[in-house]
Amino acid sequence: MKKVELTTSISIYESIQELPKNVEALMQKAIKAKENAYAPYSKFKVGASILLENGLIVTGNNQENAAYPSGMCAERVAIWKVASEYPNVKILKLAISASSSNQILKEPVAPCGACRQTLSEYELKQKDKIEVFFMGEEGKIIKTNSVLDLLPIAFDKSFL
Ligand code: THU
């Protein structure tokens with residue numbers, strides 16, 4: 001038996017103003033995208049925005065359903081919009097912001113496991129890393145250089 005230490009590296013920005021200008025603009029689109037979240041059950045709104053290599057920004061937000069598991073997270077709404085409309089355009093960056101009606105979210109809200117798995121599929125498909133930036137409603141932003149930094153030991157097509 002041997003033990004292996006896995007490490008991941010993140011960057012932490014103190015506020016949205018500290019982000020590079022193009023990322024700040026991308027995050028503002030994610031914040032704006034929250035407005036169209038349909039979250040009557042959780043009252044937890046998430047916005048996601050994706051910057052493509054051709055300069056286009058594609059957004060998404062969470063869409064809930066009375067049959068709870070039929071709803072969908074913002075990140076997957078956004079990335080599937082990209083995958084269905086621009087399947088051959090490289091994804092450069094993803095920005096995520098979340099707001100709750102229960103509390104002001106001051107800590108970064110990380111994408112859920114199912115979204116990480118979905119995002120990793122497209123990162124592997126395009127053979128290039130996707131930078132991920134996520135925040136709550138205000139405060140710090142965490143950045144990872146790649147989806148796989150959020151999902152070590154991932155399941156992928158090599159096992160099929
Ligand atoms: N949600 C997202 O949109 N993204 C995540 O990564 C975590 C959770 C949504 C799903 C649901 O509509 C609400 O947040 C509460 O879980």
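Remember, it's 1-based here, ligands and their atoms both numbered in the order they're listed.
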Just let me know how Cys73 lines up against ligand 1, side chain, backbone, both or neither, with a heavy-atom cut-off below 4.0 Å.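 Answer for Cys73: both.
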Location of contacts on Gln63 toward ligand 1, heavy atoms closer than 4.0 Å: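 Gln63 to ligand 1: no contact under 4.0 Å from either part.
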Donor-acceptor pair between Lys140 and Ser15 side chains, under 3.5 angstrom: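 Side-chain D/A pair, Lys140 to Ser15: absent.
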Please tell me whether Thr118 and Glu75 have a donor and an acceptor in their side chains that are separated by less than 3.5 angstrom.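 The criterion, which ignores hydrogens and geometry beyond distance, is not satisfied for Glu75 and Thr118.
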Ligand 1 and Cys112, any nitrogen or oxygen pair closer than 3.5 angstrom?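 Yes.
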So for Pro111, does at least one of its heavy atoms come nearer than 4.0 angstrom to any atom of ligand 1?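 True for this residue.
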Nearest to atom 14 (O) of ligand 1 by heavy atom, Phe134, Tyr68, Phe44, Tyr41: which?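 Going through Phe134, Tyr68, Phe44, Tyr41 one by one, Phe44 has the nearest heavy atom to atom 14 (O) of ligand 1.
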Do Phe134 and Ile10 belong together in a cluster built from hydrophobic side chains that touch within less than 4.5 Å?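 They do share one cluster, since a chain of ILVMFWY contacts under 4.5 Å joins Phe134 to Ile10.
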Please determine which of Leu119, Val82, Val147 meets the side chain to side chain contact (heavy atoms under 4.5 Å, CB included) test together with Leu94.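 Passing option: Leu119.
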Between Glu131 and Lys143 (salt bridge meaning N to carboxylate O under 4.0 Å), is one present in this structure?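 A salt bridge is present here (some side-chain N lies under 4.0 Å from a carboxylate O).
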Would you confirm whether any non-hydrogen atom of the protein falls under 4.0 Å from atom 6 (O) of ligand 1?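 Looking at atom 6 (O) of ligand 1, one finds that a protein heavy atom does lie closer than 4.0 Å.
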Give the atoms of ligand 1, by number and element, whose distance to some non-hydrogen atom of Asn62 is under 4.0 Å.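 Counting from 1, the qualifying ligand atoms are 3 (O), 9 (C), 11 (C), 12 (O), 13 (C), 14 (O).
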Element-labelled atoms of ligand 1 that are located less than 4.0 Å from some non-hydrogen atom of Glu64: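 This gives 11 (C), 12 (O), 13 (C) as the contact atoms.
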